[in-house]
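The next block holds one structure in the form of structure tokens; read it before the comments.
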Amino acid sequence: MFAKSALTYAPQPLPDRADYSDAETQIRAADYLAHMQRRHTVRDFTPQPIAREVIELCLKTAGTAPSGANHQPWHFVAIANPALKQQIRDEAEEEERRFYAGGAGDEWIKALEPIGTTADKPHLTTAPWLIVVFAQRWGEFDDGTRYKNYYVPESVNIATGFLLAALHNAGLCSLTHTPNPMKFLNAALGRPASEKPTMIIAVGHPSQAATVPGVAKLKKPLADISTVFE
């Protein structure tokens, strides 16, 4: 992506500037909170198609996230192909069966009980799209030489958060899934050894029978998740 000759410091005037009053700022913050409070993780999707252009717009939003040294160490693979989704489901469920059969400790399994998860992952084939997130350990200059990426987990996590918010903003539901291990995704999707899969995101519309675990609505109060010094 990068040309060595282009890596120079060239400051530019801030191209976009918000100019809201204090009251407008508070209203916008409250409106966005209300919007995000309507985001729910679901496991029951309809097969209703979603246009590729919608998914690509959400991926572009993810690509605007800040990253260490602006290296943008992420790659998103969007999958609608039914055969490929079935392959991913088959391999993910194989890993999950090992997980629930003893690969995970008792404490971890106990923690998952209120969520209601099992080794069966029908959402991986029912949802019209899967998005697999890869973290790039290193990149390559235009001449083929490697460069190191910095703050890779932090950067990829921020971009993934942008993506989930963009999907919700488009009126879609999502489910994050992290089979362990996920190495099979490199081979299935033809991704290089420099990339590590971090997450599978199922994307679609919720079915009429969709539910959410009751505990998912229990959010820590502000006092528990933040500290303020004025």
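Screening residues 157-170 for salt bridge (charged side-chain N to carboxylate O under 4.0 Å, His left out), with sequence neighbours left out, gives no hits. Within the structure, ring pair (Phe, Tyr, Trp, His ring centres under 6.0 Å) contacts touching residues 173-206 (residues at least two apart or in different chains) are His123-His177.
Grouping Ile, Leu, Val, Met, Phe, Trp and Tyr by side-chain contacts under 4.5 Å, direct or through others, puts Tyr32 with Met36. Within the hydrophobic cluster formed by Ile, Leu, Val, Met, Phe, Trp and Tyr side chains joined at under 4.5 Å, directly or through other members, Ile131 is accompanied by Ile50, Val54, Ile55, Leu59, Trp74, Phe76, Trp129, Val133, Val152, Val156, Leu163, Leu164, Leu167, Leu172, Met199, Ile201, Val203.
In terms of the salt bridge (Lys or Arg N to Asp or Glu O under 4.0 Å) criterion, residue partners of Glu95 (sequence neighbours excluded) are, by chain and number, Arg98. The ring-ring contact (aromatic ring centres under 6.0 Å, His included) search around His35 returns His168, not counting sequence neighbours. Not counting sequence neighbours, His75 has no partner by the ring-ring contact (aromatic ring centres under 6.0 Å, His included) test. For the side chain to side chain contact (heavy atoms under 4.5 Å, CB included) test, residues two or more places apart in sequence or in another chain that qualify with Pro206 are Val42, Cys173, Ala210. The salt bridge (Lys or Arg N to Asp or Glu O under 4.0 Å) test applied to Lys220 returns no partner, not counting sequence neighbours. Judged as a salt bridge (Lys or Arg N to Asp or Glu O under 4.0 Å), and not counting sequence neighbours, the contacts of Lys121 are Glu96. A search for side chain to side chain contact (heavy atoms under 4.5 Å, CB included) contacts involving Ile158 returns Ala65, Pro66, Phe162, not counting sequence neighbours. Arg52 pairs by the salt bridge (Lys or Arg N to Asp or Glu O under 4.0 Å) definition with Glu56, not counting sequence neighbours.
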